[in-house]
Structures are given as C-alpha cells and as structure tokens.
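On a predicted model such as this, the values are computed, not experimentally measured, just so you know.
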Number of protein chains: 2
Amino acid sequence: MKKTIFVFSALIVALLVLFQLSKYAYLSGDISIEIIIAIIAVVFFFIGIHINKKALRKKEKTTPEINLKKVEQLGISQREYEVLVQISKGLSNKEIANALFVSESTIKTHVSNLLVKLDAKRRTQAIQRAKDLEILGI
Amino acid sequence: MKKTIFVFSALIVALLVLFQLSKYAYLSGDISIEIIIAIIAVVFFFIGIHINKKALRKKEKTTPEINLKKVEQLGISQREYEVLVQISKGLSNKEIANALFVSESTIKTHVSNLLVKLDAKRRTQAIQRAKDLEILGI
DNA sequence: GAAAGACTCATACTAAAGTACCAAAATCAG
DNA sequence: CTGATTTTGGTACTTTAGTATGAGTCTTTC
C-alpha cells in the first residue's frame with residue numbers, strides 16, 4: 001500500500017515537472033513541440049508497460065503464497081512437508097529415505113501421518129489434495 | 001506478424017495525427033499545452049498497458065495446447081489415457097475399475113503398459129512424467 | 001478372411017505401500 | 001528443567017501395486 005502511494009506521488013510529481021519543463025523548453029524556443037510530445041508519449045508508453053507488468057506479477061504471486069499458512073493449519077510438520085514434496089516428484093519410500101538420509105521406516109511413518117492430515121487414502125490422492133490446497137509449487 | 005505491422009503502423013499514424021492536432025489546437029489558442037500533454041500522456045499510458053497485456057496473453061496461450069499430439073507419439077491408446085487421467089486423480093486400481101466398468105485385472109494391464117510408455121517405475125512417477133509432457137490438464 | 005492392434009480378463013507372484021503400535025532421541029517453549 | 005512436539009526407527013501384518021504370461025473378443029485394414 002505504501003508502495004502504491006509512493007509510486008503515484010512520484011508519477012504526479014513527474015507529470016508536473018514535465019509540464020513546467022515543456023513550457024520552459026517551448027518558450028525558450030530550443031525544442032519544437034513535436035519532440036516534447038514524442039518524449040512524453042514514449043515515457044508514458046513505457047510507464048504503462050511497467051505498471052501493467054507489476055500488476056500482473058502481483059496477481060501471479062498471490063496464488064503460490066498461501067502455501068505455508070495452510071501447511072501449518074493442517075498441522076503438517078517441516079519434515080513431513082519435505083516428504084510430501086518428494087512424493088509429488090514420484091519417488092518411492094526407499095528413494096525418499098535415501099534422499100533425506102533416514103530409514104525407510106521413518107518415511108513410512110511420515111507418509112502415514114501425511115495421509116491422515118491430508119485426508120487421503122493413497123499417496124496419489126495426497127498429491128491431488130496437496131495440489132488443490134495449493135501446498136505444492138505444482 | 002501482420003498484426004504487429006498493422007498495430008505499429010496505426011501507432012505511427014496516431015502519433016502524426018496527434019502532432020498536427022496538438023499544433024493546431026495550440027495555435028488556435030483554445031486548449032492550453034498542459035491539457036494536450038496530459039491527454040497524450042494518458043493515451044500512451046493506456047496504449048502501453050494494452051500492448052503489454054497482449055504480449056503476455058500470447059505467451060500463456062502457447063503452452064496448454066500440445067496435449068493429444070504427444071499422447072499419439074507415445075503410443076498411448078484411448079483407454080490407457082483414460083486410466084492415466086484416473087490415476088492422476090488419485091484413484092486406486094479398484095476404484096478405476098469401478099469407474100470404467102471393467103475388472104481390476106484390466107486396469108493393471110493398462111497401468112503396466114502406461115508405465116512402460118511413460119518410462120516410469122511407479123504411478124506417482126507416471127503422474128509427474130505426464131505433467132512434464134503436458135499430457136494432462138494439470 | 002486373415003493379420004494387427006486394442007480391450008478385456010485371469011492366475012500367480014514379487015514388490016511396494018500403508019497400518020498399528022511402540023519407543024528412544026532430539027528439539028523447543030515456558 | 002520439564003513437558004510437549006518432532007523426528008527417528010523398529011516389528012509385524014494387511015493391502016495395493018506392479019510384472020509376467022497367456023488368452024479370448026472385437027474392430028479395422030489390406
């Protein structure tokens with residue numbers, strides 16, 4: 001919000017400066033009015049592009065942001081989340097165990113807990129649920 | 001490409017028209033230069049936004065299209081693809097069998113063939129591969 | 001009409017996945 | 001320090017998944 005106010009203030013100031021500058025330049029006769037207009041056009045053209053890009057970027061970022069909050073709400077621990085990520089990559093329990101340097105038993109425990117917390121019966125269903133809950137970057 | 005040329009031509013024409021218009025308006029003394037500048041600024045601001053939006057829209061549309069071609073290339077049959085979709089939904093073989101009104105044996109056969117064609121060892125990996133190949137609407 | 005491919009299904013295994021229950025470290029908050 | 005979580009791991013069992021093999025039906029195509 002502060003950023004928005006700042007940006008708009010800067011824009012207004014820039015506009016005023018341009019007004020004064022153009023008036024001076026025109027009165028002094030150094031620069032023709034065409035050039036002034038062209039400069040203003042180009043400047044605001046790019047300002048438009050820039051503003052639009054920022055607006056779209058924010059929209060995209062709001063989606064994959066809710067992640068961690070929901071993970072907490074579901075009571076999923078850090079380690080469990082790591083396992084969930086590996087599951088979504090298509091790894092087997094044994095492969096996950098190797099990747100995280102723990103035993104397969106541990107992974108099984110984590111997976112079992114995950115299934116309860118995600119209300120899933122299978123790991124494939126857990127992947128779907130996690131995707132729906134926007135817990136994963138997929 | 002034709003569209004781009006057209007758009008830019010239109011832009012240049014618009015710019016020239018604005019030049020003449022502004023000169024006339026200024027000389028006739030009806031409108032002050034500030035207003036002319038402001039109008040030009042606003043117009044080009046929105047032109048910038050519009051151009052940027054179109055460019056971004058094109059980028060997004062090129063992605064989710066390639067589907068069916070790759071399915072053919074991989075030699076995945078119609079029925080196999082249906083099974084793949086059900087797998088990605090998180091269903092078990094038995095549940096898929098019920099959904100498609102066939103026996104679990106049949107589903108197992110399809111799944112086995114799918115795994116070979118998708119070069120996957122598990123159904124979770126098959127989901128990942130399918131997603132990477134943009135075969136699924138996920 | 002016969003070969004080819006797709007779909008179906010069964011049996012018999014092997015291998016993962018998942019459950020249940022328990023328990024010892026490690027970490028963290030009050 | 002202590003109680004509460006988290007993380008780790010084991011055993012024992014049940015359930016799914018996945019493989020291999022064979023075979024019958026059906027449709028399409030040459």
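Between the CG atom of B/Asn98 and the P atom of C/dC9 there is a distance of 12 Å, given to the nearest Å. In this structure, B/Leu114 atom CG and C/dC7 atom P are separated by 11 Å, rounded to whole Å. C/dG18 atom P lies 14 Å from atom NZ of A/Lys94, rounded to whole Å. In this entry the distance linking CD of A/Glu72 with P of D/dT5 reads 15 Å, nearest Å. Distance CD (B/Glu80) to P (C/dG5): 13 Å, rounded to an integer number of Å. Rounded to whole Å, atom C1' of C/dA17 lies 11 Å from atom CZ of B/Arg123. One interatomic measurement links the two molecules: CD of A/Glu104 to P of C/dT19, which rounds to 14 Å at whole-angstrom precision. The separation between A/Lys117 atom NZ and C/dG18 atom P is 16 Å, rounded to whole Å.
Here A/Ser105 does not reach the OP1 or OP2 of D/dG9: none of its side-chain N or O atoms lies under 4.0 Å away. Between A/Arg122 and C/dG18, a side-chain N or O to OP1/OP2 separation shorter than 4.0 Å is absent. Within the structure, every side-chain polar atom (N or O) of A/Asn93 is placed at least 4.0 Å from both OP1 and OP2 of C/dA16. Taking side-chain N and O atoms only, B/Arg79 has a distance below 4.0 Å to OP1 or OP2 of C/dT8. Side-chain N/O atoms of B/Thr109 include none lying less than 4.0 angstrom from OP1 or OP2 on C/dC7. OP1 or OP2 of C/dT8 lies within a sub-4.0 Å distance of a side-chain N or O belonging to B/His110.
Of the residues B/Asn113, B/Leu133, B/Ile127, the one that meets the side-chain contact (heavy atoms from CB on, under 4.5 Å) test with B/Leu118 is B/Leu133.
Heavy-atom nearest nucleotides on DNA chain C were determined for B/Asn113 and for B/Thr124, and the one closer to the 5' end corresponds to B/Asn113.
Closest approach of B/Asn93 and B/Val111 over heavy atoms only: OD1-CG2, 3.7 Å. The minimum heavy-atom distance between A/Arg123 and A/Ile87, with the atom names listed, is CB-CG2, 3.9 Å.
Among the atoms of the strands shown, only primed sugar atoms or phosphate atoms (P, OP1, OP2) are found under 4.0 Å from some heavy atom of B/Gln78. A/Thr106 comes within 4.0 angstrom of a nucleotide base, judged by non-hydrogen atoms across all strands. Residue contacts shown for A/Ser112 include a base, since a base heavy atom lies under 4.0 Å away.
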Between B/Thr106 and B/Thr109, does the side-chain hydrogen bond (donor to acceptor under 3.5 Å, both in side chains) criterion hold? Intermediate values first, please.
CA-CA 5 Å; B/Thr106 306; B/Thr109 307; 6.0 Å; no
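Of the possible donor and acceptor atoms, one in the side chain of A/Glu95 sits under 3.5 Å from a partner among the backbone N and O of A/Ser92.
Among C/dA17, D/dA17, C/dT8, the nucleotide with an atom closest to any side-chain atom of B/Lys108 is D/dA17. The side chain of A/Ser103 lies closest to D/dG10, out of C/dG18, D/dG10, D/dT16. The side chain of A/Leu115 sits closest to C/dT19 out of D/dT8, D/dT19, C/dT19.
A salt bridge is defined here as a Lys NZ or Arg NE, NH1 or NH2 lying under 4.0 Å from an Asp or Glu carboxylate O, and B/Lys69 with B/Glu72 fails to meet this definition.
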